Amino acid sequence: MDTDSFISRNDAERTTFFEAAERYRTDVLPSKRGKQQDGYVLKRVTEEFGSYSLAAITPAKLSAYRDERLKAVSPQTVLHELGMVSRIFKAAKLDWNIALPKGNPVEDVRKPSPNNDRTRRLESLEEDLLLNALKECASLWPHAAAVLAMETGARQSELLSLKWEEIDLEQRVARIRGRDGGKTKNGDEYRDAPLSRRAVALLNSLPQATRGKVLPLSQNALQLSWERAVTRARRTHVFGLLRELLEKDGFDEKAQEREVTALKFNKRAPSEATINHLADIDKHDRVMVDLHFHDLRHEATTRLAEKLEMHELMKVTGHKTTRMLARYYHPRAADLAKKLD
């Protein structure tokens with residue numbers, strides 16, 4: 001105290017993480033571009049640390065949380081969650097004058113290394129399986145979103161911000177904006193993307209309006225529809241393979257149908273042959289497995305690269321550097337071999 005180096009822990013001990021998180025939700029979150037996604041992350045970390053005081057949250061507690069979460073989610077998700085905790089501590093210190101004698105505990109936690117080198121593309125019959133499954137959705141919007149994603153390379157949030165008044169079907173140009181019509185992920189106000197004939201045909205088939213969103217659905221609704229469609233597409237594919245294998249085993253059409261029905265409705269146990277075939281399919285066949293909506297951006301970028309120069313492609317996708325663009329360009333070696341001829 002005599003040297004003025006003493007920092008009181010009182011405020012940090014009196015303030016719970018829940019109270020700080022709620023203040024962050026009220027004061028800071030509304031100004032963030034990704035406030036909806038940040039809201040989910042904030043809810044998750046509050047459930048974990050809400051009952052602790054700010055002084056009680058230590059690097060050791062955060063490290064234990066990191067290790068446990070990595071068993072269930074990706075390193076990138078854990079990074080987002082630790083980042084949210086860190087931002088709350090920074091706001092407490094800089095904006096709310098809450099003294100933190102031991103500093104921001106997140107700074108002393110080793111961060112997991114994210115694995116962003118994803119190369120997933122649509123393989124074999126996956127595009128047909130996916131689009132057919134999306135057509136079975138209760139509305140036509142999820143199917144439309146997937147087609148536009150494959151044709152434009154736009155992100156999910158950008159597609160959900162598309163407005164009719166910013167689309168010129170005659171010139172075949174769409175103005176792409178970021179989440180909720182704000183700046184794009186790379187900080188631009190917008191970018192103008194060319195529309196393929198397939199994209200124009202899709203847009204012409206939709207109920208049109210002079211104003212308003214092209215795809216009037218929420219991100220959560222689109223994600224749920226996507227996940228269910230991928231599950232349906234996988235099931236359709238697996239049942240098709242199963243029928244072929246059962247036919248080779250001597251099962252006639254009626255017997256095949258009985259086996260598939262047993263799986264669909266779980267009314268009776270399937271035969272041993274069916275169980276063995278399903279295990280083999282699950283082990284060796286990856287069609288419609290681990291497919292994310294964002295993978296369509298990888299697919300679109302690779303397809304567009306066959307038609308556009310690098311600098312043109314960057315204008316379409318919105319990437320600032322060729323290094324970032326390269327993460328989304330995944331040509332197949334067989335396709336490159338054809339170009340050598």
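These numbers were taken from a predicted model, which means no experiment stands behind them.
With contacts defined as side-chain heavy-atom distances shorter than 4.5 Å, the pair Val287/Leu125 does not qualify.
Salt bridge absent: Asp280 and Lys283 never bring a charged side-chain N and a carboxylate O closer than 4.0 Å. With respect to the salt-bridge test (charged N to carboxylate O, under 4.0 angstrom), the residues Glu227 and Arg232 do not qualify. Using a cut-off of 4.0 Å between Lys/Arg side-chain N and Asp/Glu carboxylate O, Arg243 and Glu257 are scored as salt-bridged. Ion pairing of Asp95 with Arg23 is absent here, as no side-chain N (NZ or NE/NH1/NH2) approaches a carboxylate O to less than 4.0 Å. Under a 4.0 Å N-O distance rule, the pair Arg198/Glu127 qualifies as a salt bridge. Note on Glu299 versus Arg303: salt bridge recorded, some NZ/NE/NH1/NH2 to OD/OE distance being below 4.0 Å.
A donor and an acceptor atom, one from each side chain of His80 and Tyr40, are nowhere located under 3.5 Å apart. Ser271 and Glu259 form a side-chain donor-acceptor contact under 3.5 Å, judged by distance and modelled atom types alone. With no hydrogens or angles considered, a side-chain donor-acceptor pair links Ser196 and Glu151 at under 3.5 Å. Glu166 and Tyr190 share no donor-acceptor pair across their side chains, judged by distance under 3.5 Å alone. Counted by atom type alone, Asp285 and His237 present one or more donor-acceptor pairs between their side chains at under 3.5 Å.
Side-chain N or O atoms of Thr46 include none that pairs as donor or acceptor with a backbone N or O of Gly50 at under 3.5 Å. When atom types are taken as modelled, the side chain of Thr77 and the backbone of Val73 share no donor-acceptor pair closer than 3.5 angstrom. With hydrogens and angles disregarded, a donor-acceptor distance shorter than 3.5 Å links the side chain of Asp295 to the backbone of His292. Within the 3.5 Å criterion, the main-chain N or O of Val28 finds a donor-acceptor partner in the side chain of Ser31. Side-chain atoms of Asp180 never come within 3.5 Å of backbone atoms of Gly182 as a donor-acceptor pair (strictly under, hydrogens ignored).
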Item to complete: Verify side-chain contact (heavy atoms from CB on, under 4.5 Å) between Phe89 and Tyr24, making sure each step is shown before the conclusion.
Response: CA-CA 10 Å; Phe89 272 92; Tyr24 184 90; over 6 Å; no
Discussion item. Go through it in stages, so that I can follow the logic: the residues are Gln223 and Gln219, the test is side chain to side chain donor-acceptor pair (under 3.5 Å), and I'd like the CA-CA distance, side-chain angles, deciding distance and then a yes or no.
Written reply: CA-CA 6 Å; Gln223 189 60 34; Gln219 185 173 7; over 6 Å; no
Worksheet item: Is there a salt bridge (charged side-chain N to carboxylate O under 4.0 Å, His left out) between Glu126 and Arg120 once you walk through the steps?
Response: CA-CA 12 Å; Glu126 285 187 322; Arg120 183 71 160 89; 2.8 Å; yes
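For Lys61, the NZ atom is densely surrounded, since the number of other residues' heavy atoms within 6.0 Å is greater than 12. Other residues, nucleotides and ligands contribute over 12 non-hydrogen atoms within 6.0 Å of the CZ atom of Arg332.
The ring of His319 has its center no closer than 6.0 angstrom to the ring center of Tyr329.
Ser139 and Pro142 get closest at one heavy-atom pair: OG-CD, 3.3 Å. The shortest heavy-atom contact between Leu29 and Gly39 is CD2-CA, 4.0 Å. Smallest separation of non-hydrogen atoms from Leu129 and Met288: CD1-CG, 4.2 Å.
Note: Phe17 and Phe49 have perpendicular aromatic rings, judged against thresholds of 30 and 60 degrees for the angle between ring planes.
Among Arg191, Arg175, Arg177, Lys183, the one residue that satisfies the salt bridge (Lys or Arg N to Asp or Glu O under 4.0 Å) test with Glu158 is Arg191.
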